[in-house]
Amino acid sequence: MFALVDCNNFYASCERVFRPDLNGKPIVVLSNNDGCAIARSNEAKALGIPMGAPAYQFEKIFEEKGVFVFSANFALYGDMSHRVMDMLSTFTPDMEIYSIDEAFLSLKGFDHLNLQQYGLSMCKKVVRGTGIPISVGIAPTKALSKVANRIAKKFAARTGGSYVIDSDEKRIKALKWLAVEDVWGIGRQHAKRLRDVGVNTAFDFTQLPEEWVRRNMAVVGLRLQKELKGEPMLELDVPQNKKNIATTRSFDSNYTQFEQLKERVSSFAVSCSEKLRKQKSCCNALMLFIHTNRHRDDLAQYSRNIVIQLPFPTNSAIELSDFAVQALKQIFREGYAYKKAGVIVMDFTPVQNQQLNLFSNSNPKHGKLMQAVDQINRLQGPQKVRLATQDLKRIWKMKQEKLSPRYSTNLRDIITIKI
DNA sequence: TCTGGGGTCCTAGGACCC
DNA sequence: TCTGGGGTCCTAGGACCC
């Protein structure tokens, strides 16, 4: 059996942990630049604020209904996530952290336990230890544990936050209840096609002939169908190094100057290089993209990307920044108002076994230098040491008007309790 | 005026090899 | 007039996830 544990309205719940006065109040967390709603408390959902809602379109509702709005505080959410995962890891030796707020737990060999109770004990321990409410779904396959989790959450009043699918009756009842577009692994495109052929529920999907599923949804769809029928096709995934690493941002305003973009692009490359070093990889290729604001049809549109193959594998901030700026020179055009850019590094090789090039190689001194930089930044705070090509004047700043304190990761932000 | 960011996997088809 | 068989690798595009 697998358990799928996920945190309820995770980002909103994190904000609530340190603001208990917000219990029962509507909360919305915004994306970078305070752009879109990326998390909502149940109360905010009830007000009809959809996922991804542009903040400016809902300002009036926020105001009128007294919604508490927060800028995304990833330092806080990342730390709270660690705490939750730590607690969960005490319930099984075998666990896969699936996302910032979700984990699959293997319950192999736990058959002697009352699994419903076991799920409830997870809820109790995690909420007590971290303040974050969770839901637990338990079933014989990963896909079914996702279904069970939905039920646990949706009917929390009855389930207490934990639900087990351990019989065919329960499985079929659950699948008949679940709309096909809500199945894990069925997105918009597949959902539409399925609805078109009269498949409305997860159960209908399991009744489709395998050839149809194979033809229209490939082996991924077939695997999913079997999982929903109760035949396990997916194991716990072991953590692997990333195959691509990206740093991309929308800008707070439109950029028209090469110099402005250059500073940002350089910073994105530096950020990628830090992530590369963290997983001890070098990259062999780098992609850069820039584009104007797609939502503005009154402005001239321009969008391009370019991939450059590097002459040698590297994770040096200096070298990657150079390559990114070279790439920018190739695709930058005057006369456009740029709104977003990003650097994506690809085609990794491990640091230990680099293929050297006869004619040009990564500067051997950079390894030591980067180590020193990483160490300083780790101790003194991010971005203490930067490249001169980066935005030294700090002319840009992400819009974050409603940022909460970093309660759990910054000494200055620790709460004081008056007794 | 204001609209996020970061990932994965699979497949078909073209280019190439012997 | 007749014109094989069996592979691999790469890439773009499509689908999905949180």
Side-chain angles (χ1 to χ4, degrees), chain A residues 4-11 28-39 49-60 62 69-74 77-78 81 96-104 142-143 146 149 180-194 213-224 227 233-234 237-254 268 271-272 275 279 284-285 287 289 291-299 305 307 309 337 339-348 398-402:
Chain A
L4 185 266
V5 179
D6 91 350
C7 303
N8 304 343
N9 316 320
F10 182 54
Y11 297 165
V28 163
V29 178
L30 302 179
S31 61
N32 280 343
N33 267 323
D34 292 347
C36 304
I38 53 171
I49 299 162
M51 184 65 171
Y56 75 96
Q57 286 175 7
F58 285 81
E59 249 155 35
K60 227 177 129 191
F62 294 163
V69 181
F70 291 92
S71 303
N73 184 346
F74 289 112
Y77 311 150
S81 173
E96 169 192 346
I97 297 176
Y98 180 67
S99 74
I100 192 163
D101 73 331
E102 275 180 57
F104 286 103
K142 282 174 121 181
K146 275 274 191 180
N149 182 282
V180 72
E181 60 270 16
D182 292 337
V183 173
W184 181 50
I186 294 183
R188 241 201 302 260
Q189 305 299 320
H190 287 328
K192 189 180 175 308
R193 186 177 292 157
L194 288 164
V213 177
R214 177 74 182 78
R215 195 164 2 98
N216 290 283
M217 302 172 68
V219 298
V220 190
L222 210 50
R223 229 161 27 210
L224 176 63
E227 282 254 318
M233 302 295 289
L234 302 169
D237 276 341
V238 285
Q240 309 231 310
N241 274 353
K242 300 254 188 307
K243 298 175 176 175
N244 296 294
I245 287 174
T247 301
T248 72
R249 290 288 179 279
S250 300
F251 307 140
D252 56 335
S253 60
N254 291 332
F268 298 161
S271 155
C272 286
K275 297 175 189 172
Q279 67 164 42
N284 290 279
M287 179 168 105
F289 72 81
H291 62 73
T292 49
N293 189 343
R294 295 174 215 277
H295 302 288
R296 293 283 299 272
D297 40 18
D298 55 323
L299 294 179
N305 68 68
V307 176
Q309 297 296 325
K339 181 61 179 169
K340 183 170 179 173
V343 170
I344 302 168
V345 289
M346 302 171 297
D347 190 7
F348 298 162
M398 203 154 65
K399 193 175 158 201
Q400 279 189 320
E401 291 172 351
K402 288 140 182 162

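What's counted below: heavy atoms across the whole structure, side chains too, no hydrogens, waters or symmetry copies. First the proteins, then the strands, lettered A, B, ... as listed; each starts at 1. Remember, it's a predicted structure, so these values are computed and weren't measured experimentally.
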- With respect to the side chain of A:Glu102, which nucleotide from C:dC18, B:dG6, C:dA15 is positioned closest? C:dC18
- To the nearest 0.5 Å, tell me how far A:Gln240 CD sits from A:Lys242 NZ. 10.5 Å
- Message: With a 4.0 Å limit, can you tell me whether A:Ser31 has a side-chain N or O closer than that to the phosphate oxygens OP1/OP2 of B:dT3?
- Response: no
- Task: Select one nucleotide: of B:dG6, C:dC18, B:dG4, the one nearest the side-chain heavy atoms of A:Thr247.
- Result: B:dG6
- Query: Between A:Asn216 and A:His190, which heavy-atom pair has the shortest distance, and what is it?
  - Reply: O-CE1, 3.7 Å
- Task: Please tell me which of the listed nucleotides, B:dC10, B:dG5, B:dG6, lies nearest to the side chain of A:Val219?
- Result: B:dC10
- Query: Rounding to a whole Å, what distance do you find between A:Gln279:CD and B:dG6:P?
  - Reply: 15 Å
- Item | Among B:dG5, B:dG6, B:dC2, the one nearest A:Asn254 by side-chain distance | B:dC2
- Query: Of the nucleotides B:dG4, B:dG5, C:dC17, which one has an atom closest to the side chain of A:Tyr98?
  - Reply: C:dC17
- A:Asn241 side chain vs A:Gln279 backbone, donor-acceptor pair below 3.5 Å: yes
- Between P of B:dT8 and CG of A:Asp347, the distance in whole Å: 13 Å
- Which nucleotide in the set B:dG7, B:dG4, B:dT3 lies at the smallest distance from any side-chain heavy atom of A:Gln57? B:dT3
- Selected nucleotide, minimal atom distance to A:Ala218 side chain, candidates B:dT11, B:dT3, C:dC18: B:dT11
- Item | Nearest to side-chain heavy atoms of A:Asn244, which nucleotide of B:dG4, B:dT8, B:dG5 | B:dT8
- Message: How many whole angstroms separate atom CD of A:Glu401 from atom P of B:dC2?
- Response: 14 Å
- Task: Return the orientation label for the A:Phe74 and A:Tyr77 ring planes: parallel under 30°, perpendicular over 60°, tilted otherwise.
- Result: perpendicular
- Message: Using a heavy-atom cut-off of 4.0 Å across all strands, would you classify A:Val307 as base, sugar-phosphate, or nothing?
- Response: nothing
- Return yes if the base of B:dT1 and the side-chain atoms of A:Tyr56 contain a donor-acceptor N/O pair under 3.5 Å, otherwise no. no
- Ignoring backbone atoms, test whether A:Ser253 places a side-chain nitrogen or oxygen under 4.0 Å from the OP1 or OP2 oxygen of B:dT1. no
- Task: Verify the contact: side-chain N or O of A:Asn33 to OP1 or OP2 of B:dT3, cut-off strictly under 4.0 Å; return yes or no.
- Result: no
- Task: State which of B:dG4, C:dC16, B:dC2 makes the closest approach to the side chain of A:Arg296.
- Result: B:dC2
- Message: So if I take every side-chain heavy atom of A:Lys242 and compare against B:dG7, B:dG4, C:dC18, which nucleotide ends up nearest?
- Response: B:dG7
- Query: Counting any heavy atom closer than 4.0 Å, what does A:Ile186 reach on the DNA or RNA strands: base, sugar-phosphate only, or nothing?
  - Reply: sugar-phosphate
- Shortest non-hydrogen contact between A:Asp34 and A:Ala55, atoms and distance: O-CB, 3.6 Å
- Query: At under 4.0 Å between heavy atoms, what does A:Ile245 touch on the DNA or RNA strands: base, sugar-phosphate, or nothing?
  - Reply: sugar-phosphate
- A:Met51 atom CE is separated from B:dG4 atom P, nearest whole Å, by 12 Å
- Task: Give A:Lys339 one of three labels, base, sugar-phosphate or nothing, depending on what nucleic acid heavy atoms sit under 4.0 Å from its own.
- Result: sugar-phosphate
- Item | Step-by-step salt bridge (charged side-chain N to carboxylate O under 4.0 Å, His left out) determination, A:Lys146 to A:Glu227 | CA-CA 11 Å; A:Lys146 275 274 191 180; A:Glu227 282 254 318; over 6 Å; no
- Could you state the atom-to-atom distance from CG of A:Leu224 to P of B:dC10 in whole Å? 14 Å
- Select from A:His295 and A:Arg223 the residue whose nearest nucleotide in DNA chain B is closer to the 5' end of that strand. A:His295
- Sugar-phosphate only, base, or nothing, as touched by A:Arg294 at under 4.0 Å among non-hydrogen atoms: nothing
- Atom NZ of A:Lys192 and atom P of C:dA15 are separated, to the nearest Å, by 12 Å
- Least distance between heavy atoms, A:Ser31 atom then A:Ile38 atom: CB-CG2, 3.7 Å
- Task: Hey, which sits more toward the 5' end of DNA chain B by its nearest nucleotide, A:Lys243 or A:Gly52?
- Result: A:Gly52
- Message: How many whole angstroms separate atom NZ of A:Lys142 from atom C1' of C:dC18?
- Response: 14 Å
- Message: Applying a 4.0 Å non-hydrogen cut-off, can you work out what A:Asp34 is touching in the nucleic acid: base, sugar-phosphate, or nothing?
- Response: nothing
- Using whole Å, report how far CD of A:Gln400 lies from P of B:dC2. 19 Å
- Report yes if a side-chain nitrogen or oxygen of A:Lys60 is closer than 4.0 Å to either non-bridging phosphate oxygen (OP1 or OP2) of B:dC2; otherwise report no. no
- A:Lys340 vs B:dG5: side-chain N/O to OP1/OP2 distance below 4.0 Å: yes
